[in-house]
Amino acid sequence: MNSSLSPREEQKQQIDVKALEEENKWLKEQLNSYSIIFERSLDAIMIFNQNGEFVEINEAACKLFEMEKEELIGQNFKTFLDLVPPDILQFQRSMLHKFGSFSDELIIKLKNGKIKHIEFSIKKDAFNNFDLAIMRDISSRKALERERTINEFLFRDVFNRAVDGIVIFDESGRFIDVNPAFCMSLNFDKATLLCLSFQQFIASEYKEDFEKLLRELKEKGTAKGELSLVLLDGTVKMFELTTTSNVYSGFYMAIMRDVTDKKNMEVKLQKSEERFRAIFEQAHEAIIICDNQGNILNANPAASRTFELPLKQLVKCNLKNFFDYKDKKVKKMIRDFLKTGEIRDELTFHMPNGEDKQLEFTSKRGVVDGHHLTIFRNVSERRKMEKVLRESEQKFRSIFDHAMNGILLWDHQYRIIDVNPIACEIFNASKKQLLYQPVCEFISEKERKNFYKLLKQCERTGEAYAEMSLSSDGKKQKIVEFSLKREIIPGVSMMMLRDVTERKELEERLRKSDTLNVVGELAAGIAHEIRNPMTALKGFIQLLQNSIKEDYSMYFNVITSELQRIESIITEFLVLAKPQAVQYKQNDVRKIMQDTIDLLGAQAMMHNVQIIAKYSEQLPFIYCEPNQLKQVFINMLKNAIEVMPKGGTITVAIKPLDEQHIQISITDQGCGIPEDKIKKLGEPFYTTKERGTGLGLMVSYKIIEEHQGKIEVKSQVGVGTTFYITLPTEREKEEYDELGI
């Protein structure tokens, strides 16, 4: 092959080979030097493939991951990043792809469970699609930084939260930093104080002491003492201070405790001791000082009078000589005194002259030079009076609380100062709600004007009487008798209350019953008197109808219809008389109501009225007389149709009210009934219709009453009226049935 080259070309080839050998030698030297750097580097150096697996690592990397090289090669770096949040890893990857190199910090978790903080720098595709990473363990540095941060935080926290004043100052006494407690002591804000120094607050006579304290601080590094500071308003404050040098950036620190109150207290204590001596000698109450064994060490003149002994003789006695030391109450008192260090109680003391005195006393342990102080007060006479008053109070309270009528007491400002349980029931409020409230607060707006007149009459004449209505939300209206008495004792007036609602209702029922009896007797007499000629009239009309050949059927029909109408009215009259012999059986009230609705369907359609029926599925049978109930339903549905001349809707609902009763409601959309007229419904001959007799509703009330039920009416003018019929599912025996009458 060489024979084919010219000498010139061969010479050139030899030069190129030599150059390549030189370059190869240089590259080997470079590679050797890089290998030395790679292996001996203090930082961990790693080469990763595209999957993040270790391809090559140095010795420092093995130390960092605390694994052998053979074990670490092939491991994926992701397995050490369990503690790094996914969003952080994603951010770091995006930065590496964007810039090709990236530096940051990470937390790695080793196979042995250790956690390390690392600082890393990574370069993508550093060697033919291999990534190069350099890592350094900074765990120790992080721990030091964290400790320094915590120490600085703790110092600053203590500095700001300290109760004592803390001052950082320089060698000339100028304030470098002050905490809130010191600012509060001097009544300055921090910004103002940092422009001032100690010297501006030290009185001229104390400046030499402060200079001496600074010299001692510089020589020894610490100093203690007291310092008086004069505020701008002339107030003098005393501080105990401890100073230390070079604790905060080379400055001095002083911890200052405000002892102004303490110093003032010491002065006051001295004066207090002088006052105590004066009080001790001049006090009206007996004062005795004794030791742990009860030996009397000192006593005042009042004690001498209380215990009926000369002072010199009393101080030689023992307190145990004056009471029964073995009594259970006394033993308990002594135990409590030893446990708590103080006691307040009463005890019977036996005087040397044989007299017994009830003494109230207060004892404090170790308050006078370690000895016990006891103050006595003679309450014998007061206790006797209290006993008499207590017995009197108990009698009054028993009468007050158990009275059959409500009793209310009020003061001169008309505020309630006491009520008994019956009064609470009448006002439908608790005693707590009534006390200290104006008495007129619980009177309805409708009756309040009359109540004010009643109060004025009581003020004028000393007493007053009236009947008023009381009502509350959702409660039945009550009729209450008010009887007022002014100034039964100075500053206290009394109101007697009696709920007469039931009595009034009974009177009303008796009045209605009496009216019904009269009407019943009248109805029975009239009905029998009319029915006899009516029978003759009907018979002769039928004879005439059959004997007359001309066509007068229209007249006969009208006459017959009117006679039937008169007969139905007579039948209604007879219902008002004494109860008829009826048979009560179990019936389905839904069927009775539906039959009634079907019967009146044509009349409803003529008046453009729609009847809607709503029946509960779970509805028990009731004991009733179906024809009488049908009569009640007819009366009420006819009334509902007639009060809606322009048409409308009648809603009929039947549902269980409770386990023993059902409720039937009939609601119309008529003009409604005023409240004052609702009370009169059911009375004989009372009607709201122009041509009505009032007998229909009266008969209905009578029938429902005989069925042991009741009728309630709720109406709103301009909206409509609802009749609520409540009937029992089981018929109770009448009282006369039980007696066998």
Side-chain angles (χ1 to χ4, degrees), residues 147-278 341 364 366-371:
E147 186 176 351
R148 185 176 68 252
T149 302
I150 291 172
N151 288 337
E152 288 177 357
F153 174 79
L154 289 175
F155 172 78
R156 182 53 57 183
D157 189 56
V158 171
F159 184 81
N160 289 324
R161 292 176 181 270
V163 178
D164 295 332
I166 302 177
V167 183
I168 309 297
F169 61 99
D170 61 15
E171 60 183 4
S172 64
R174 186 169 60 87
F175 299 135
I176 303 301
D177 199 1
V178 293
N179 73 339
F182 187 71
C183 296
M184 191 178 296
S185 296
L186 297 190
N187 199 22
F188 273 95
D189 60 84
K190 185 173 180 177
T192 305
L193 280 176
L194 293 182
C195 300
L196 304 174
S197 65
F198 270 119
Q199 284 81 349
Q200 291 171 278
F201 292 95
I202 299 173
S204 55
E205 61 268 24
Y206 294 107
K207 285 187 177 180
E208 186 176 342
D209 294 339
F210 182 68
E211 295 296 334
K212 181 180 178 183
L213 186 137
L214 286 178
R215 287 195 298 272
E216 183 182 350
L217 178 60
K218 291 175 183 178
E219 293 172 3
K220 298 181 179 180
T222 182
K224 293 182 179 180
E226 289 187 353
L227 191 64
S228 294
L229 299 183
V230 182
L231 306 188
L232 294 182
D233 60 0
T235 305
V236 178
K237 287 203 171 186
M238 290 291 297
F239 291 90
E240 287 180 351
L241 76 161
T242 301
T243 57
T244 310
S245 62
N246 299 321
V247 295
Y248 187 81
S249 302
F251 295 113
Y252 303 136
M253 182 177 73
I255 299 176
M256 308 182 66
R257 177 167 294 175
D258 188 347
V259 293
T260 309
D261 293 339
K262 177 184 173 184
K263 294 294 182 182
N264 293 337
M265 191 64 69
E266 289 174 355
V267 174
K268 289 179 181 177
L269 185 60
Q270 184 178 357
K271 292 181 179 178
S272 178
E273 288 178 354
E274 295 173 358
R275 291 195 198 99
F276 172 76
R277 178 54 54 189
K364 276 273 190 181
V367 294
V368 182
D369 298 329
H371 300 302

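Bear in mind the structure is a predicted one, so any value in this text is a computation, not a measurement.
Atom CD of Gln199 sits in a crowded spot, with more than 12 heavy atoms from other residues, nucleotides or ligands closer than 6.0 Å. By the 6.0 Å contact criterion, NZ on Lys212 is open, its count of non-hydrogen atoms from other residues, nucleotides or ligands being 12 or less. Atom CG of Asn160 is surrounded by more than 12 heavy atoms from other residues, nucleotides or ligands within 6.0 Å. Residue-environment remark: NZ (Lys190) exceeds the threshold of 12 foreign heavy atoms within 6.0 Å.
Aromatic ring pairs are classed by plane angle as parallel below 30°, tilted from 30° to 60° and perpendicular above 60°; the pair Phe239 and Phe182 is tilted. Taking the six-membered ring for Trp and thresholds of 30 and 60 degrees, Phe169 and Phe198 have ring planes more than 60 degrees apart, a perpendicular arrangement.
Contact between Cys183 and Val178 at its shortest, heavy atoms only, is SG-CG2, 3.7 Å. Of all heavy-atom pairs between Arg174 and Ser197, the closest is CA-CB, 3.5 Å. Between Ile202 and Leu229 the shortest heavy-atom distance is CG1-CD2, 3.8 Å.
Note that the OG1 atom of Thr235 and the CG atom of Asn187 stand 8.5 Å from one another [nearest 0.5 Å].
The shortest distance between side-chain heavy atoms of Glu226 and Lys263 falls below 4.5 Å.
No donor-acceptor pair under 3.5 Å is formed between the side chain of Asp177 and the backbone N or O of Ile166.
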